[in-house]
Amino acid sequence: MSSKSNNTRLILMGLAAVAAVGALYYVSQQQPGKAKKKLEDDDDHDLADDVTVKAKGKSIGESTPAPSKSTSTTSKASEKSTGRGDDKELHAKIEELDKQGKAFFKNKQFQEAAMAFTEAIDLIESSSDPKSTSTSLKKQVVTLFNNRSAMYEKGNLPELALEDCNTILESYDKAHVKARTRKLRILESSKDYYHGLVEVCALQLLFMQENRHQLQHGLPPKNQPPVPQSKLEELLQKVLPQQLDEMASTVNIKNKHTLPSDYTLGQLLKSYTGYNAWMAKAARDGTVESLKKTLDAIPSESVPDPTTVADRASIMLKIGRRQVYDQKFADARQTFLEAYDLVKEKPEAKKVMKDDDYARLLEWVGMVKHWTYDLDGAAKCYQECIDLEPVNAEIMVKKAGVSMDAGKHDVALNLFEKALIMDPDAVDALLHRANLRMLQSNLQEAQNDLEKCVKLRPNHVLAHLRLAAVLTSKSDPLGAKKHLEKASQIDPDSSEVQSYQGELYFTQNEFGQAKEQFEKAIKLCPKNPTPYVNAALACLNSPPEPGKQLEVAQEAVRLLEKAIEVDPQFQAAYIQLGQLKLGMAQDLQSAKDVLQLYEKGLSYCRTKDEMKDLCSMKILAQAQVDAAEMLKMETFSVQ
């Protein structure tokens with residue numbers, strides 16, 4: 001099975017996120033049960049703009065001249081208003097032009113409506129000093145720009161509509177919801193999805209500032225958000241593919257030979273039934289130093305004969321196996337690959353290697369290639385091994401794991417089926433196929449495989465743990481508890497067992513007991529990153545004592561940073577730590593530091609699949625920072 005799946009099993013995937021952060025996802029969870037308004041319906045009531053942008057009617061075509069100032073209006077407006085009577089006359093003229101524009105709008109004469117609003121805007125601008133313009137006139141100017149923007153949008157002139165939106169937001173009112181919402185629609189229609197996402201973030205940041213008191217006290221906001229949460233998620237999914245492509249092109253080369261953590265590799269190796277057998281062989285073979293002495297005693301000729309190559313390759317197989325035994329995984333990988341290259345240069349050596357040494361060499365080379373995501377190379381080695389040992393079900397299972405990581409689930413299922421035809425009692429095939437079923441959300445089939453697995457192997461700890469996870473997902477806590485207790489009886493000192501028990505407590509909202517179990521898991525195996533992250537989540541979900549909120553958040557930060565320290569590739573820790581620090585940020589520089597944290601996490605990824613969640617969080621965080629800077633906010637925290 002893939003190492004990745006062992007590295008990402010966390011309660012956070014299906015349970016609570018960070019409860020303490022007031023980030024953008026939070027507000028959508030606090031709304032009354034009212035129907036969401038469509039984004040297109042959020043237009044100006046002065047224009048009866050509940051008519052959608054898609055309303056059919058006369059449009060402003062490219063051949064239509066842009067609205068120009070009325071000669072009569074301009075000549076009258078050239079005289080500055082100096083008295084109250086002039087102010088009344090000015091307001092009367094503006095009101096009349098506004099009425100004309102609205103009348104044109106109702107008749108779907110968008111060009112004429114835009115021209116009327118333009119005349120009114122020009123009248124105000126030419127009749128008063130912008131610096132001394134009264135509040136009421138400024139408000140009218142904003143309304144007129146907004147109305148004209150609506151006409152341009154309906155008249156299929158998005159550039160002019162966008163220009164008016166920017167005028168309102170940059171010169172008059174950065175919090176003008178309708179101008180910003182229209183700007184969002186225009187950006188989205190022009191497929192500028194990232195800047196559309198920034199506008200959504202800006203709208204939600206403004207909403208959060210307006211509802212700061214309610215959010216700080218965990219109360220529902222006093223009104224609906226200006227855009228539904230689904231719009232943020234929709235735009236994020238449109239931005240993500242291009243960003244993933246750009247990042248993957250550089251990361252794949254950089255991390256070509258990066259190994260998973262020692263803990264992850266150890267767990268992967270233990271998931272196969274052959275683990276104890278080869279570990280026993282490695283122990284009997286002696287130390288790496290003694291084996292290297294044996295290797296040095298074999299002549300290294302410039303043109304070695306096949307027997308000499310075979311002897312050297314066999315000893316190197318033992319050295320590599322012992323290095324795995326000692327958890328020197330990088331050294332083992334290098335040794336196995338060198339032995340494989342030695343035999344490739346002298347193909348006749350394959351036939352004279354002792355016993356099943358060549359098949360075992362192929363098996364190990366397939367594994368180390370899989371560790372570094374050389375999936376094609378791994379599959380090729382496993383297939384050659386299968387050709388030598390066509391009834392070896394365990395090799396078939398390992399090849400299926402390669403197909404799983406390649407996203408070829410149908411191929412993997414076919415290989416599992418072949419393995420079970422060879423050996424109906426192949427618990428490896430049942431266990432790893434169950435894991436694939438879990439990835440596919442086919443919980444019943446996963447449960448069937450795992451139940452058969454524990455029936456065949458009652459002391460299979462990992463099968464009991466996986467079965468407990470499936471039953472928890474199926475809302476069967478009693479069934480899950482039964483298998484966790486069995487696993488604990490078999491291996492009471494297992495960090496994984498303690499961590500799973502903590503997860504069960506977590507799902508039952510018993511956060512104190514959950515944290516105790518996670519702490520036990522950490523003590524038993526400090527290199528296991530999962531309980532650090534889960535303990536942090538248990539902290540954040542536990543009701544804090546008065547005045548202790550910051551202390552709790554800081555403890556969660558410490559745990560998440562420790563998870564990254566023990567396993568720099570543990571993506572879930574970066575995601576949770578980033579969200580928490582973003583919510584705690586007191587200034588934008590602290591928020592920008594979170595972007596660097598996400599960059600660090602992404603630098604350890606090897607595939608697009610690994611990058612997806614972290615890349616999504618980075619895009620969203622960057623959009624929030626850009627939105628806050630656009631709004632001239634020093635922070636977007638509601639704390």
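The basis for the numbers below is simple: all heavy atoms, side chains too, and nothing from hydrogens, waters or symmetry mates. What you are looking at is a predicted structure, and each value in this text was computed from that prediction instead of being measured.
- Remark: the Lys481 side chain and the Gln501 side chain contain no N/O donor-acceptor pair separated by less than 3.5 Å.
- In this structure, Lys523 does not pair ionically with Glu519, as no charged nitrogen and carboxylate oxygen lie closer than 4.0 Å.
- The residues Lys380 and Asp376 are annotated as not salt-bridged, no charged nitrogen and carboxylate oxygen being separated by less than 4.0 angstrom.
- Checking side-chain atoms of Thr264 against main-chain N and O of Pro260 turns up no donor-acceptor pair under 3.5 Å.
- Under 3.5 Å, the side chains of Gln517 and Gln513 contain no donor-acceptor pair of N or O atoms.
- For the pair Lys600 and Tyr574, the cation does not sit on the ring face, since its NZ or CZ is not both under 6.0 Å from the ring centre and inside 45° of the axis.
- Side-chain contact between Tyr532 and Glu561: absent, with no pair of heavy atoms (C-beta onward) separated by less than 4.5 Å.
- Proximity of Glu634 to Leu588: side-chain heavy atoms (C-beta onward) are nowhere separated by under 4.5 Å.
- In the displayed structure, Gln549 atom CD is contacted under 6.0 Å by more than 12 heavy atoms of other residues, nucleotides or ligands.
- Of the possible donor and acceptor atoms, none in the side chain of Asp374 sits under 3.5 Å from a partner among the backbone N and O of His370.
- When the shell of 6.0 Å around CD of Glu545 is examined, it contains 12 or fewer heavy atoms from other residues, nucleotides or ligands.
- The CD atom of Glu503 lies 9.0 Å from the CG atom of Leu484; values are rounded to the nearest 0.5 Å.
- Proximity of Pro225 to Leu203: side-chain heavy atoms (C-beta onward) are nowhere separated by under 4.5 Å.
- Side-chain contact between Cys615 and Leu602 is present, with at least one heavy-atom pair separated by less than 4.5 Å.
- Inter-residue side-chain proximity for Gln498 and Pro531 is flagged as unmet; no heavy-atom pair is nearer than 4.5 Å.
- Once rounded to the nearest 0.5 Å, the distance linking CG of Asp613 with OH of Tyr598 reads 11.0 Å.
- Checked for salt-bridge contact, Lys520 and Glu516 miss the test: no charged N lies under 4.0 Å from a carboxylate O.
- Between Arg360 and Glu363, at least one side-chain nitrogen of the basic residue sits less than 4.0 Å from a carboxylate oxygen of the acidic one, meeting the salt-bridge criterion.
- Between Leu580 and Leu560 there is a side-chain heavy-atom pair separated by less than 4.5 Å.
- Under the 3.5 Å distance criterion, with hydrogens and angles disregarded, a donor-acceptor pair is assigned to the side chains of Thr335 and Gln323.
- Residue-environment remark: NZ (Lys612) stays at or below the threshold of 12 foreign heavy atoms within 6.0 Å.
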Legend entry - salt bridge (charged side-chain N to carboxylate O under 4.0 Å, His left out) assessment of Glu629 paired with Lys592: CA-CA 11 Å; Glu629 289 183 330; Lys592 290 177 182 177; 2.8 Å; yes
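- Between Glu451 and Lys455, none of the side-chain N atoms (NZ, or NE/NH1/NH2) sits under 4.0 Å from a carboxylate O, so this pair counts as no salt bridge.
- Gln204 contributes no side-chain N or O that, together with a main-chain N or O of Val200, makes up a donor-acceptor pair within less than 3.5 Å.
- For the pair Val533 and Ala573, the tightest heavy-atom approach, listed with the atom from each and the gap, is CG2-CB, 3.8 Å.
- Of the charged side-chain nitrogens involved, at least one lies within less than 4.0 Å of a carboxylate oxygen, so that Lys231 and Glu234 count as a salt-bridged pair.
- Between Phe506 and Phe518, the two ring planes are tilted [angle within 30° to 60°].
- Inspection of the Asp285 and Tyr325 side chains reveals no N or O donor paired with an N or O acceptor under 3.5 Å.
- Remark: the Asn528 side chain and the Tyr263 side chain contain an N/O donor-acceptor pair separated by less than 3.5 Å.
- Side-chain contact between Cys539 and Leu559 is present, with heavy atoms from C-beta onward closer than 4.5 Å.
- The minimum heavy-atom distance between Val397 and Ala419, with the atom names listed, is CG2-CB, 4.1 Å.
- A donor-acceptor pair under 3.5 Å links the side-chain atoms of Gln569 to the main chain of Leu259, judged by distance alone.
- Side chain of Asn541 to backbone of Leu537: a donor-acceptor contact under 3.5 angstrom is found.
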Inset, instruction - Given side-chain contact (heavy atoms from CB on, under 4.5 Å), test Cys605 with Gln571 step by step and report yes or no. - result: CA-CA 8 Å; Cys605 294; Gln571 301 304 308; 3.4 Å; yes
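- Remark: side-chain polar atoms of Thr507 are paired, donor with acceptor, to backbone N or O of Leu504 under 3.5 angstrom.
- Put simply, the side chain of Gln622 does not reach to within 4.5 Å of the side chain of Ile619, judged on heavy atoms.
- Taking the six-membered ring wherever Trp is involved, the centroid distance between the rings of Tyr272 and His432 falls below 6.0 Å.
- There is a side-chain donor-acceptor pair under 3.5 Å between Glu338 and Gln334.
- At a threshold of 4.0 Å, the pair Asp245-Lys608 counts as salt-bridged, since one of the basic side-chain nitrogens sits closer than that to a carboxylate oxygen.
- When only modelled atom types and interatomic distance are considered, Ser590 and Asp587 share a side-chain donor-acceptor pair under 3.5 Å.
- Scanning all heavy atoms of the two residues, the minimum distance from Leu415 to Met396 falls at O-CG, 3.3 Å.
- In this structure, the separation between CG on Leu467 and NE2 on His460 is 12.0 Å, given to the nearest 0.5 Å.
- For the pair Gln586 (side chain) and Met584 (backbone), a donor-acceptor distance under 3.5 Å is present.
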